[in-house]
Amino acid sequence: MTALPRGESPGPSAADDDTDVAGSASAVPAPSAEDVAEDVGADESEAEETDGTAEPAAPEEADRTDAVGATDAGTAPVAAALSEAEAELAAQRELRERIEKRKAEKEGPIAAGAKLSGQAADLLAAVRAVESGEKPGAAFFDSPAPAPRRAAPAPVRPREPEPVFAPQGASPEAVAAVAAVLAEGGAPETLAVAAAETLGAQAADVLRADPWQLLAVPTVRPEQADGFARALLGAACGPDDERRTAALVGWLLERAALQGHTALDTSAVRAALAERAVTDPEAAVRHAVAEGVVLVFQDGPDDQEADGDAEPDGDEAADGAGQEPVQVLLGLERYALAEESLADGLARLVNACEKDADWSEAAAAAGSPSAAELIRAVAAGGLTAHTGGDAARAEPAALIVAARALGLRALGATHSVDGRQRLAEALDEPSAAVTLAGLLSGAEGPGRDADGAVAVDLLVVLDAPQLDVETAAILVESLRDGARLVLSGDPGVLGSAGAGRVFADVLAARTCPQVVSRTPDPGPIGELVSGIGIGELNQVATPGKEVVIVPVQDAGEAVHRTVQLVADSVPRAIGVPSADTQVITVGHGGSAGTRALNAALKQRLNPGPGRFGGFDPGDRVVHVPTPGRTVPGTVVSADAEGLHLDCAGTPVVVPQERVESSVRHGWALSAHQAAGMRWPAVVVVLPGDAARGLSRAWVYTAFSRGERHLSVVHGVDQALPRAVALPPSQDRTTRLRALLEAQQTVTD
């Protein structure tokens, strides 16, 4: 294996006076775990990226004492129409109702079910409850009832007025009541709003009866909930209190979901409970299952039902000798619902494919063999998987053009606005390109028909690795019988910010035709990235300084060099302005994370007092309207309504009370946030303390974001080639592949 190409600096400057940027990288001391990421306990809402760990997009944490605009928080007007975030939540509630209806129509119990009682049994009709009476599960799931199904409105076109992402706030009375309970228990009253929104109108009563329900609030850790419980309950509580153990099990599964898992092995849960001073973890798991906090599943022979006892008796072990071991999994109902619904929906699309046109001429006229193969595969089936790099995006575009020429309603959906714009450039009708979030919310696309299905005959989803399981389930449920679905993407990039590995599971299950593109990404960057995809960090020729390595000794020098590259060297030598150059780093924390880099880049590129909640006009930011979605934009102004942004030409207003939680500076992003987007130039920052956060998928994703130029601020020495050489691992525990394979077995 050869080393990463060491190119020349994009050009000398007066600022480049302390380091020879064309010199060799020096070795750095082996980093400790503390150097790699911040203490998760200090800020649970902003998890660091690690190998295979999905990072939920989170706002920049900063001291923001100035309010946005001139009014107090909470006084911004609420939009009359549904906001995009509300529409997505409504779609999730609608999905639950549709799943329940479909499952209720099936005969017999679901083999993958679990013993439930209480409200969880009502919500998950597919899982047969134990007839032992209701349990107090409502304390854990105080969520609104699914929205009733209603006739779809007329097709909605993108709105011209400025959208306002309004929060779904709790009433002042509920917040005040929760604040009083929090104060009594010694917890910060700043948690009152989040607790009231999470636990509902009766949050104060819920917390008083079960203080560990505070764990349902983001950023709260078990030790904090324990202290709160001791203050309220005194000697009446202990480490084995069933309320505590049930809440801990739910918290562990929620934490796992932030890392991309839809389920966890029971042994891992029991081990984590033991670390939290639970003396009988097995009994705690059984209790959590009985209470409906989690569901239990078995993946193994005959997909048998399981209870909380994961270990077989001696006789059972003897009878099962020679068989494959049965994996017992625990999962939250929301992800169980989504995975089962998604598996059913994909099977429905496969089985309901109909002959709607003659595709032979379109395949013959395709511009490349890979495009022709994709068209033929789509003509023959209702579900198709397509894999390839960025250059291969031309093949789904050709498919959409061909389908529209045949009179079919064909549409392409991308993960980001940037992806939508790039797809629109390749289509004969730009309106045929939408973002997936816009399509599901009704803000983009053709709208829905009278049955509530998206009015398309063919939907091509690009950037498919970014699909989380809940979004994928909503999408598939929104397609009519007979519609065709194509999942297209690069399997080498990082997975979704949300839970699940939908694209990888569909590919692994082999339940549909798979078309592998033979169109390589061009240029030195494409050659470099192609090698990374197979585990090789090759040296490539860079006659136009397409790839440059800048060795650094420490994180401070990494920040210094990054600012030089963005503000001076790349614009002058490469011709790419600072506004079109994106910085990508491993995580948010640390001395060269997104926070430190954003602060340094703002000071150089757009200095200001941050009078609008920490922002100034001209600041590059990212807006997070819903968890897992990152929308780049620029600050325009602020007023009584909130912070005004320009997001790729679309005006967005973020209410004052949501600025701190949904807007962060965006000169520097993590690789997870950058997935699905590309820029003319990219600077990838790899300080020494980032070594343990590297993986082949991370490097592949970060290095492939640049179109014309890639600079690597390199301080990890041999950790980079080692990370590339290590084969990708099954980094997420999910059930979708097993469900798809089980359905295929039944069909065969």
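Nothing fancy with the numbering, it's 1 onward along the sequence.
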Would you find a donor on one side and an acceptor on the other, under 3.5 Å apart, between the side chain of Asp521 and the backbone of Asp390? yes
Flag, side chain of Arg678 to backbone of Gly706, donor-acceptor distance under 3.5 Å: yes
What pairs of donor and acceptor atoms, side-chain ones from residues 522-534 against any protein atom, are under 3.5 angstrom apart with sequence neighbours left out?
{"from": "Ser530", "atom 1": "OG", "to": "Gly526", "atom 2": "O", "distance (Å)": "2.8"}

So, using side-chain contact (heavy atoms from CB on, under 4.5 Å) as the criterion, who are the partners of Ala433 when residues are at least two apart? Arg420, Leu423, Ala424, Leu427
Apply side-chain hydrogen bond (donor to acceptor under 3.5 Å, both in side chains) to Glu546 and list each qualifying residue two or more places apart in sequence or on a separate chain. none
Tell me the closest heavy-atom pair linking His665 and Asn598, and the distance in Å. O-ND2, 3.1 Å
Residues two or more places apart in sequence or in another chain: which of them pass side-chain hydrogen bond (donor to acceptor under 3.5 Å, both in side chains) with Thr562? none
Please enumerate all residues that pass side-chain contact (heavy atoms from CB on, under 4.5 Å) together with Pro188, with sequence neighbours excluded. Thr190, Leu191
Does Glu444 use its side chain to pair, donor to acceptor, with the backbone of Thr435 at less than 3.5 Å? yes
side-chain contact (heavy atoms from CB on, under 4.5 Å) involving Ser416 - partner list, sequence neighbours excluded: Asp418, Met677
Would you say Gln673's side chain and Leu669's backbone share a donor-acceptor pair under 3.5 angstrom? no
Between the side chains of Arg732 and Ser496, does any donor sit under 3.5 Å from an acceptor? yes
Using side-chain contact (heavy atoms from CB on, under 4.5 Å), reason through Leu436 and Gln466 one step at a time and then give a plain yes or no. CA-CA 11 Å; Leu436 187 57; Gln466 306 309 310; over 6 Å; no
Any idea which heavy atoms bring Arg696 and Val724 closest together, and the distance? NE-O, 2.9 Å
If the threshold is 4.0 Å, N to carboxylate O, is there a salt bridge linking Asp717 and Arg722? no
State the CG-OG1 distance between Leu439 and Thr414, to the nearest 0.5 angstrom. 10.5 Å
For the atom pair NE2 (His623) and OG1 (Thr650), what is the distance rounded to the nearest 0.5 Å? 12.5 Å
